[in-house]
Each structure stands twice: as structure tokens, then as C-alpha cells.
Amino acid sequence: MKKSQSLLAKGLSLSFLTLCSRILGLIREMTKARFLGTSALSDAFGIAFQVPNFFRRLFAENSVSVAFIPTFKKLLETNTDNDYDDNAQKKTTQDFINATFTLVTFLTILFVTIGMIFTPLILKIFFSKQYSMAMEESIVLTRIMFPYLVVISIAALFQGILNGLKIFSPSGFTPILFNSIVILFTYLLAPHMKNPARAMAVGVITGGCVQALFQIPFILKNNWKCTFTTLKKAFTNEHTRTVLRLIGPTIIGMAAYQLNDIVSSALATRAGEGVYSSIQYSLRLQELILGICALTIGTVILPDLTGFVQKQQWNDFCKMLALSINIMAVIAIPITFYSLLMKENIITLIFASGKFNAQSINMTQQVFSCHIVGLFFIAVNRITAPAFYAQQDTKSPTVAGLTNFSVNIVLAYLLSKSMGGKGIALALTIASIANMILLFAFLKRNPAIHVSEVLKPAMLYMTRIVLFSAIASVPVYFMKKPVIAAFSGRNRLISQGVPLCITACTFGIAGIILLIVTKDPLIKAIKEKLRHD
């Protein structure tokens with residue numbers, strides 16, 4: 001119960017910051033929709049931002065952090081266990097931080113320099129000859145935003161240090177700063193630049209710099225620092241070499257996973273104008289939810305899972321993983337049901353302004369239906385991966401990532417021909433299910449992990465939440481049309497927002513009553529936590 005309360009306490013705290021960040025991220029997309037809609041310029045900005053973002057996910061939080069945190073955590077544990085030699089051990093840890101900081105900075109600057117030179121060749125992947133004007137603008141936008149990779153990779157390293165110390169709030173707050181700056185710069189600079197996309201691009205690079213700088217005082221406050229060392233020391237540092245060894249297969253696996261986005265984007269841009277943008281708007285809605293639950297829980301459990309592995313506390317390891325999956329289920333599954341019922345109203349409320357017209361709404365809601373069905377499976381994948389990283393096993397997620405990539409690309413290619421953007425979205429959902437199955441199959445290879453003790457209760461709980469969500473959907477289904485009709489003809493905030501609030505409250509109350517009546521264990525844990533506080 002104490003572990004449940006601890007995980008919930010950390011999760012709720014970080015979830016609040018992540019919720020604020022995701023809401024602002026959504027407002028950022030609303031700003032983009034207002035200024036760019038689903039036009040060719042919107043596609044150009046989306047692709048330009050995706051290029052450095054692809055490498056950010058590859059080299060930053062999804063590789064550097066998962067390889068850095070377990071190594072850093074192990075050194076911190078050694079500090080605690082060897083008080084007699086504390087100064088020497090702290091110096092070893094500090095040398096490791098400096099070496100990693102030096103490598104991250106050097107390699108990303110080198111990579112960005114090469115990337116900016118070859119930007120026109122990179123973008124040929126996405127644009128056919130008929131979209132030459134969009135490609136030309138995308139080249140300019142990409143070169144403005146490519147340096148974002150350097151500062152956000154450094155920010156990810158800073159986040160790894162703080163998370164290794166079990167300090168989550170500063171890193172959780174930085175995306176709030178980033179999104180706020182992008183939104184602000186778009187409105188301030190758009191009237192003074194060639195187009196609004198360039199104003200957003202300047203906001204992206206500025207926001208990335210702020211994300212890195214904001215975390216430095218918190219690192220210094222905890223008696224650590226990040227300074228440069230020689231490249232020779234950086235490459236020969238024993239613990240940095242461990243990170244590089246771990247990061248190699250991780251990069252391959254994440255490359256496969258991220259290549260899903262690249263190939264899907266290439267297929268989308270060739271499927272017609274605005275298809276790529278509609279997919280990105282849909283993914284933003286999905287990421288809003290994933291960020292609140294999956295990213296939060298995955299971030300919180302990694303240091304603890306690492307500690308359980310080092311102390312060989314496999315029973316606690318399995319319990320924490322099972323608890324995390326249950327939290328995913330109670331959040332993601334009900335949201336999936338509600339989103340399918342009210343998708344058109346959600347998209348209209350959030351995006352329908354400026355250049356985001358009726359056609360844009362229709363395109364986005366069709367794609368969103370196929371994306372949201374895979375929400376729970378993607379969420380489970382994102383919290384299962386830390387279970388491998390905690391064991392310093394990066395090969396298993398790599399193989400799973402390659403499988404995910406293969407399934408997604410084959411299906412996206414086949415389904416996009418007949419279903420367009422919907423087919424690309426559906427392919428991602430199916431590939432995520434295959435990825436989840438494979439990850440749990442790989443977990444079974446460790447005899448100390450009893451996967452059945454994780455999966456059996458998780459599947460029963462998932463089935464239970466599916467049933468509760470279906471029951472809670474019934475009143476929403478019958479009241480949807482009359483409630484919408486009652487507020488139609490008014491401004492967008494009233495005509496769409498009020499029906500969404502009413503139906504969401506009805507759905508939520510029905511679901512909570514079902515959980516309380518059946519004495520749900522998570523509800524019990526939350527009540528105990530509140531009573532304890």
C-alpha cells in the first residue's frame with residue numbers, strides 16, 4: 001500500500017505539470033491550426049519540426065536518459081554504500097557527468113552541422129516534385145530549427161541527472177516554458193516575418209534553450225555540476241563507455257520506432273495536401289493523454305525499478321510494473337471510449353478556427369478514430385520499456401522496436417492506398433499491439449520475473465475497466481444529440497464546450513461510482529493517501 005501511495009503521490013505531482021504542459025502543447029497546435037490550418041505551409045512546418053524532433057527522440061530522452069539514469073543511479077547507490085570513500089566516489093560520479101555532458105554536446109553539434117548542410121537531401125524523402133514550393137520553405141524552417149537538437153539533448157541530460165536524484169518537478173515544468181514561448185513568439189513575430197511558420201520556428205529554438213537553462217540551478221542546488229572535459233577523457237571514461245554500450249542498441253530500436261513516423265509522414269505527404277497535418281493534429285490529441293499517464297508513470301518508475309533490480313527485489317519489481325499497468329488502464333481505456341463518442345466535438349472545439357475549416361475537421365476526426373483505439377497499447381509499451389532499461393537490457397526493446405517498425409510500415413503502405421490517412425493511423429495501432437505482445441514475451445526470458453503474476457491480474461483489471469467504460473458510455477450515447485442540439489447556433493466555446501463538459505462529467509461520475517461501488521484497489525489507495533496527508 002505504501003508503494004502504491006508513493007507511486008501515486010509522485011505520479012500525481014508530475015501528472016499535474018505534464019497536464020499543464022500537454023494542454024499548452026495543445027494550445028500550441030491550436031495556434032498552428034489558426035495560422036496554418038491543413039495547408040501546404042502547415043505540412044512544410046510539420047516536416048521541418050519533425051526532422052530535429054526525430055533525432056531528439058533518438059539521441060535525447062529515449063536513448064540518453066534510459067542509458068544514463070541506470071548508470072548514474074548505480075553510482076549514487078555506491079556513494080551511499082561507501083561512506084568511508086565518499087569524496088573519491090563523488091568525484092568519480094562527477095567525472096561521469098562531465099564526460100557525458102561533453103560527449104552529448106560535441107556529438108549533437110557535429111550532427112547538426114552535417115544535417116544543416118544536407119537538409120535538402122533529407123527533405124526529398126518527404127516531398128515529391130509537385131510540392132516543390134512547400135519543400136523550399138521546409139528547408140528554411142528546418143535550418144532554423146535544427147540547432148534545437150543540441151539544446152534539447154543537453155536538457156534531456158539535465159533531466160536524467162535530476163530524475164536519477166528522484167527530482168521530477170523542474171524537468172516536468174520545462175515543457176510548459178517551451179510551449180508558452182512558441183505560442184508567444186508566433187503571435188508576436190508572425191506579423192513581422194515572411195510567414196507565421198517562421199515565427200513558430202524561432203519560438204521552437206528559443207524555447208529549447210530555455211528548457212536547458214532552467215534546470216541548471218536545480219542541479220547546482222544538489223551539489224552537482226556540468227562542465228566540459230577533454231574529448232579523450234570523455235570517450236575513455238569507464239561509465240560513459242557503459243552508457244555508449246547501452247545506448248547503441250537503444251538507438252537502433254528507437255530509430256526503428258521513430259522511423260515509423262518518418263515513413264508514415266512520407267506516405268502522408270504523398271497521400272494529398274493536408275493529410276500529414278491532419279495526422280499530426282490527431283497525434284497531438286493522443287500525445288496529450290499519453291503524456292499525462294504513460295510518460296509520467298514511466299518517468300517515475302524507472303529509478304525505482306533500477307533500485308529493485310540492483311537489490312534483486314524482483315517481487316517488488318513485478319508489483320510496481322503491475323500497478324503501473326493498472327493505472328494506465330484506469331486512465332487510458334475510459335478516455336478511449338469517451339473520445340470515440342465525442343471525437344467530432346473535441347476536434348471542433350480545439351482546432352476549428354482561422355484556416356482550420358470543415359474539411360480539416362472531417363480529415364482529422366477520421367484519423368483520430370484510428371489513433372485513439374491504440375492509446376492503451378502505446379501507453380503500456382511506454383511503461384514496459386523502463387522494465388528492460390532498469391535491467392540494463394536494451395537489446396530486447398530494440399528487437400521489439402524493429403518488429404514494430406516492420407509491421408507498421410508494411411500495413412501503412414498497404415492501408416494508405418485504400419484508406420488514406422486513416423490507414424496510416426490504423427497501422428500504428430496494430431503495430432503497437434504487436435510491440436506490446438513481444439515486450440512481455442521478452443520479459444519472460446528473465447526467470448526472476450514472473451510475467452504471469454503481472455499479466456493475469458492486469459488483464460482481469462483491464463477487462464473490468466473496459467466493461468465499466470462501456471456502461472458509462474451508455475448515458476453519454478443517448479444524451480449526446482439532445483445536449484448538442486440545445487447549445488447549437490452559439491459560439492464555438494458554448495456550442496461545443498458546454499456539451500463536452502456535460503457529457504464528460506456524466507461519463508466520469510458514472511465511472512467513478514462504478515469504481516467506488518466495486519471497491520476498486522486504486523480508489524482505495526488514493527483514499528488512503530488523502531487520509532494520510
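Contact record, Pro52 with Leu149: O-CD1, 4.1 Å, taken as the closest heavy-atom pair. Taking both residues in full, the closest heavy atoms of Ile154 and Val104 are given as N-CG1, 4.2 Å, listed atom of the first, atom of the second, then distance.
Rounding to the nearest 0.5 angstrom, the gap separating the CD1 atom in Ile433 from the CD1 atom in Ile378 is 9.5 Å. Here the CG-CD1 distance, from Asn408 to Ile424, works out to 9.0 Å after rounding to the nearest 0.5 Å. Distance check, rounded to the nearest 0.5 Å: OH of Tyr461 to CD1 of Ile325 gives 12.5 Å. Put simply, OG on Ser339 and CD on Gln286 are 10.0 Å apart, with the number rounded to the nearest 0.5 Å. Atoms NE2 and CD1, from His371 and Ile279 in turn, are 6.0 Å apart once rounded to the nearest 0.5 Å. For the atom pair CZ (Arg464) and CD1 (Ile333), the distance works out to 12.0 Å, reported to the nearest 0.5 Å.
With hydrogens and angles disregarded, no donor-acceptor distance shorter than 3.5 Å links the side chain of Asn237 to the backbone of Ala99. Remark: the backbone N or O of Ser278 is not paired with any side-chain donor or acceptor of Ser282 at under 3.5 angstrom. Without hydrogens or angle criteria, Thr242 side chain to Glu238 main chain gives a donor-acceptor distance under 3.5 Å. Using modelled atom types, no side-chain atom of Ser171 and backbone atom of Phe168 make a donor-acceptor pair closer than 3.5 Å.
In this model, no donor atom of one side chain and acceptor atom of the other lie less than 3.5 Å apart for Thr174 and Gln215. Between the side chains of Thr71 and His239, no donor N or O sits under 3.5 Å from an acceptor N or O.
Between Phe49 and Phe146, the distance from one ring center to the other does not fall under 6.0 angstrom. In this structure, Phe106 has its ring center no closer than 6.0 Å to that of Phe111.
Residue Tyr413 qualifies as open at atom OH: its count of foreign heavy atoms under 6.0 Å is 12 or below.
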Intermediate values then yes/no, side chain to side chain donor-acceptor pair (under 3.5 Å), Thr229 and Asn98: CA-CA 6 Å; Thr229 186; Asn98 294 342; over 6 Å; no
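By the 30° and 60° cut-offs, the orientation of the rings of Phe218 relative to Phe214 is tilted.
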